[in-house]
Participant: 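Have a look at this one before I ask anything.
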Amino acid sequence: MVGIKSDVGNVRELNEDYAAFIEDERFKIYLVADGMGGHNAGEIASNLAVKSIMRYLMEHSEENEDLLLNSVKYANNEIYEISQKNDKCKGMGTTITGCFIKGDIIQVVNVGDSCCFSIKGNEIKKVTKDHSWVQELIDAGAITEEEGRVHPKKNIITRALGTNSSVKIDIFNIDKNESSMFLLCSDGLSNEVQKEEMVEIVNRYKNVNEACEKLVDLAKARGGKDNITVLLFGGEV
């Protein structure tokens, strides 16, 4: 089962998040993208990122080496080229996080500050690492993680798809025995809801769609200052 929920939140007028998945006999892919708020055509960039990655995977599924990595590079190029040709899309960009499953391979991809968490029982682990200005301060020891959660510049990202002709992409290889579920989300959830609260809700509501609804409701109750997107699925291969 796959649960998915995207909400504009309490403040924004436009939902620039986009999420989708494919469960094909050849592979599975689950993706969440968050268009850059305040930039031109963020909603176009997030939609294009997800659809371009899925299209590349469908057309090149027989390839084995670097398939996920190449699909994200392809998406980056698609977004960048459109932004260069269309003035209304100039400067558009998006985060991307996703989980790819093919045979015994499980890989997580990340650019920006959308997140992937792995869940096993009552344990939850953040797989991805944010590409953000605040994360760099945390890594440097200038601020604590708790200070980072409330930092006024926590939404400034240092990497995005589509803003340049090339992009540095993080790929994480996951042991299939380490997780029973994965939770992907935009920072509209992770900025408002702590990971311990996420796993508690996932375990309380066994229906994945209901769990996604409850997570979004909690983020909105905390302020819902950004778009909120959650994608939850079982990670067994």
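Positions are given from 1 along the sequence.
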Participant: Side chains of L161 and V167: closer than 4.5 Å at any heavy-atom pair?
Facilitator: yes
Participant: Which atoms form the tightest heavy-atom contact between D104 and K176, and what is the distance?
Facilitator: OD1-NZ, 3.2 Å
Participant: With side chains defined as the heavy atoms from C-beta onward, is the minimum distance between Y18 and K51 less than 4.5 Å?
Facilitator: yes
Participant: Contact between H60 and L67 at the side-chain level, heavy atoms closer than 4.5 Å - yes or no?
Facilitator: yes
Participant: Kindly determine whether Y56 and N70 satisfy side-chain contact (heavy atoms from CB on, under 4.5 Å), including the steps that lead there.
Facilitator: CA-CA 8 Å; Y56 186 94; N70 290 337; 3.5 Å; yes
Participant: Quick one, S6 with D17, criterion side chain to side chain donor-acceptor pair (under 3.5 Å). Give me CA distance, side-chain angles, the key distance, then yes/no.
Facilitator: CA-CA 7 Å; S6 189; D17 289 358; 4.7 Å; no
Participant: So which heavy atom on S83 is nearest to which on C89, and how close?
Facilitator: CB-O, 3.3 Å
Participant: Distance only, no hydrogens: is a donor on one side chain within 3.5 Å (strictly under) of an acceptor on the other, for N203 and N122?
Facilitator: yes
Participant: By the definition side-chain hydrogen bond (donor to acceptor under 3.5 Å, both in side chains), identify the one residue from N164, N110, D170 that meets it with R159.
Facilitator: D170
Participant: Contact between M92 and I82 at the side-chain level, heavy atoms closer than 4.5 Å - yes or no?
Facilitator: yes
Participant: With a 4.5 Å cut-off on side-chain heavy atoms, are I157 and H131 touching?
Facilitator: no
Participant: Side chains of Y30 and E23: closer than 4.5 Å at any heavy-atom pair?
Facilitator: yes
Participant: Any side-chain donor-acceptor pair under 3.5 Å between S179 and S118?
Facilitator: no
Participant: Can you give me the closest heavy-atom contact between T97 and C185, atom names plus distance?
Facilitator: CG2-O, 4.4 Å
